[in-house]
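Each remark here refers to the structure printed beneath this line.
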Amino acid sequence: MLYIGIDLGTSACKFLLVDEKGRVLNTVTEEYPLSFPHSGWSEQDPADWWRACLSGIPALLQGFDAAQVAGIGAGGQMHGLVALDKKDAVLRPAILWNDGRTANEVEYLNSHVGKQVLSARTANIAFAGFTAPKLLWMQKKEPELFEKIEKIMLPKDYIVYRLTGVHATDFSDASGTLLLDVKNRCWSSEMLSECGLHHHQLPQLFESWQPVGTLLPEIAAQLGLPQSTTVCAGAGDNAAAAVGTGTVGNGHCNISLGTSGTIFISSSQFRVDPHNALHAFAHADGGWHLMGCMLSAASCNSWWQDRIIQNSDYSAEQQKILPEKLGLNHVYFLPYLMGERSPINDTDARGAFLGMTMNTDRADMTQAVLEGVAFAIRDSFEVAKSLGISIPRSSICGGGSKSSLWKKILSNVLGIPLDTVATEQGPGYGAAMLAMVACGQFASVTEACGELVQVKATVEPEPLLTQRYEQRYAQFQKIYPACRELFPQLLKQEGE
């Protein structure tokens with residue numbers, strides 16, 4: 001049998017065709033635009049996601065027997081607000097995870113409703129990227145559209161709906177809405193009331209591996225697939241990527257260097273960071289996880305390469321960084337190009353270079369970008385350690401993990417080995433694995449991971465380099481507090 005995994009990303013949708021042994025037989029990528037209508041805003045048209053599916057899936061199946069496709073799973077960018085009317089038409093462009101317009105709504109939720117109340121209801125506090133603040137913004141700024149909302153969905157759920165006609169979501173993705181009682185795996189009536197919503201406006205909740213339905217007849221015909229193809233609920237991109245790297249069960253860690261950067265710690269028990277610097281979410285394996293998320297990770301490097309130095313050859317640029325300069329760079333970079341979430345929760349934060357001299361060259365700046373992202377990931381790593389969580393090693397995935405230099409930097413900044421798995425396909429591979437479980441190929445997500453996920457290579461930290469980065473990180477920690485009061489003033493000037 002064959003299975004399709006969908007990775008609905010921020011800049012593109014990637015499709016994977018996987019056989020029952022977990023071998024990736026084909027991949028197709030369909031890109032789509034990202035809109036920034038105002039400074040700090042980030043939107044997308046859900047119709048672009050669906051067009052990507054209509055073209056990507058048939059292309060994926062070329063040369064293969066489509067009749068053998070048993071299941072489809074989707075992993076997708078989290079938190080995005082997709083609002084549908086009574087006819088299931090999209091009311092406005094989706095407001096994405098990296099959108100920063102909701103500072104006032106976040107302040108209202110955290111201060112007026114209260115962080116303790118929010119944490120008790122949802123296991124989390126409000127962050128600008130979450131869905132609930134977006135709903136409050138829409139209620140205030142677009143009341144006519146807000147009144148027309150019949151159903152609220154997350155990005156990958158819109159794809160599942162178009163495939164099956166079922167309004168569904170899974171617990172991992174729903175955890176990032178600030179509308180879910182994460183501990184008890186149900187919608188929070190108090191939070192729905194807070195946001196002016198009713199239960200019928202929320203999709204049905206499923207575990208990630210549970211079947212939602214089969215393909216609608218007309219969609220099966222369009223895609224060239226059997227109508228009997230099972231579609232599972234899928235998962236948020238980080239939970240799906242964690243499944244794809246075998247980060248399930250208790251005490252395992254995965255770091256993702258994608259557009260955003262995350263540190264993901266799986267747990268068989270529900271637990272909450274008392275300071276809410278880390279998110280407490282449901283996991284796609286039926287358990288839970290703690291996660292720190294920085295908004296700009298690999299996107300910092302693409303910004304530096306594509307927009308600033310205008311060189312698309314990332315590898316050539318990194319080759320200019322001398323090995324003896326690692327851990328001794330005098331330039332620092334704050335990677336807060338879109339504000340920041342974990343652990344500082346500051347929508348006003350901005351990127352910055354610090355420490356340049358007349359001796360600074362281009363390679364120093366490139367190195368600073370890579371190191372700045374690594375240091376910011378360590379910020380969340382330190383929060384996890386403060387909770388008594390031991391992280392002796394981690395897997396790593398995402399586009400940035402293809403850089404051996406970046407992996408070496410990150411391994412030494414964290415002081416732990418980093419494992420790369422044999423199948424480096426991120427959320428799409430995890431989504432395909434969830435589809436396998438939905439179709440009965442495996443009895444559980446844990447069993448699927450045990451059978452299909454293998455470590456291909458490991459980057460080990462070097463004691464001397466780790467010691468150097470320890471000193472550099474201590475300096476990095478002082479930069480944001482020193483700049484914090486300046487950022488709101490810069491933001492005000494942006495809007496003038």
Side-chain angles (χ1 to χ4, degrees), residues 42 76-83 94-141 146 149 151-157 169-199 201-203 205 235-239 260 262 264 270-283 288-295 339-347:
S42 182
Q77 51 170 300
M78 296 179 67
H79 314 301
L81 172 60
V82 181
I95 306 176
L96 302 189
W97 60 274
N98 57 352
D99 187 284
R101 78 186 67 182
T102 60
N104 291 336
E105 289 73 24
V106 169
E107 172 65 21
Y108 167 77
L109 287 167
N110 285 335
S111 297
H112 294 273
V113 176
K115 292 182 179 181
Q116 288 187 332
V117 172
L118 292 174
S119 187
R121 292 175 179 173
T122 72
N124 297 279
I125 61 173
F127 289 82
F130 284 8
T131 316
K134 297 181 174 82
L135 287 161
L136 292 177
W137 179 91
M138 193 174 172
Q139 185 180 39
K140 181 179 179 181
K141 300 293 186 178
F146 183 84
I149 294 177
K151 195 69 69 176
I152 290 160
M153 311 195 78
L154 295 156
K156 66 101 171 59
D157 302 330
T169 193
D170 79 291
F171 292 111
S172 74
D173 216 357
S175 297
T177 63
L178 204 67
L179 300 173
L180 186 78
D181 178 344
V182 174
K183 181 179 181 180
N184 296 303
R185 284 171 132 77
C186 63
W187 295 118
S188 166
S189 297
E190 296 90 346
M191 289 307 299
L192 296 189
S193 177
E194 195 70 55
C195 294
L197 301 175
H198 302 282
H199 276 275
Q201 293 173 289
L202 277 295
L205 289 161
D237 53 2
N238 292 298
S260 62
T262 60
F264 184 111
F270 172 77
R271 65 186 302 169
V272 177
D273 167 19
H275 302 292
N276 298 111
L278 299 181
H279 308 324
F281 289 168
H283 192 7
W288 290 270
H289 69 273
L290 290 174
M291 184 176 73
C293 177
M294 58 180 298
L295 296 181
E340 189 54 296
R341 192 186 297 179
S342 304
I344 63 174
N345 193 16
D346 186 354
T347 58

Criterion side-chain contact (heavy atoms from CB on, under 4.5 Å) on I95 and M138, from CA distance to verdict = CA-CA 10 Å; I95 306 176; M138 193 174 172; 5.5 Å; no
Do you know which two heavy atoms are closest between V82 and A94, and how far apart they sit?
-> CG2-CB, 4.1 Å
Quick one: pull up CD in E105 and NZ in K140 and give me the separation to the nearest 0.5 Å.
-> 6.0 Å
With a 4.5 Å limit on heavy-atom distance, are the side chains of F146 and Q139 in contact?
-> yes
V272 to S119 - nearest heavy-atom pair and separation = CG1-OG, 3.8 Å
If you measure from NZ on K134 to CG on D99, what distance do you get to the nearest 0.5 Å?
-> 6.0 Å
Would you check if M191 and T177 make a side-chain contact, meaning some heavy-atom pair closer than 4.5 Å?
-> no
Say you draw a straight line from NE2 of H275 to CD1 of I125; how long is it, rounded to the nearest 0.5 Å?
-> 11.5 Å
Can you check whether A126's main-chain N or O pairs, donor with acceptor, with N110's side chain at less than 3.5 Å?
-> yes
Non-hydrogen side-chain atoms of N238 and H289 separated by less than 4.5 Å | no
Ion pair check, D237 and K156, cut-off under 4.0 Å = no
Considering all heavy atoms of both residues, which atom of H198 and which atom of L192 are nearest to each other, and what is their separation?
-> C-CD1, 4.3 Å
Audit row: I149, Q201, side-chain contact (heavy atoms from CB on, under 4.5 Å) steps and yes/no = CA-CA 7 Å; I149 294 177; Q201 293 173 289; 3.9 Å; yes
The side chain to side chain contact (heavy atoms under 4.5 Å, CB included) partner of L202 among L180, L179, T169 is L179
Reference residue H283; test ring pair (Phe, Tyr, Trp, His ring centres under 6.0 Å); the match among F171, F270, F264 | F264
Closest heavy-atom pair and its distance - L154, A174 = CD1-N, 4.0 Å
T131 side chain to H79 main-chain N or O, any donor-acceptor pair under 3.5 Å?
-> yes
Distance col, row D157:CG vs D173:CG, nearest 0.5 angstrom, shows 5.5 Å
Between F130 and F127, what is the ring plane arrangement, given parallel below 30°, perpendicular above 60°, and tilted in between?
-> tilted
Exercise: do T122 and N124 side chains pair donor with acceptor under 3.5 Å = no
Rounded to the nearest 0.5 Å, the NZ atom of K115 sits from the CG atom of N276 at a distance of 7.5 Å
Nearest atoms (heavy-atom pairs only) where D273 meets L290 = N-CD2, 4.3 Å
E190 side, atom CD; D181 side, atom CG - distance, nearest 0.5 Å = 8.0 Å
Heavy-atom pair of closest approach, residues G100 and A128 = CA-CB, 4.4 Å
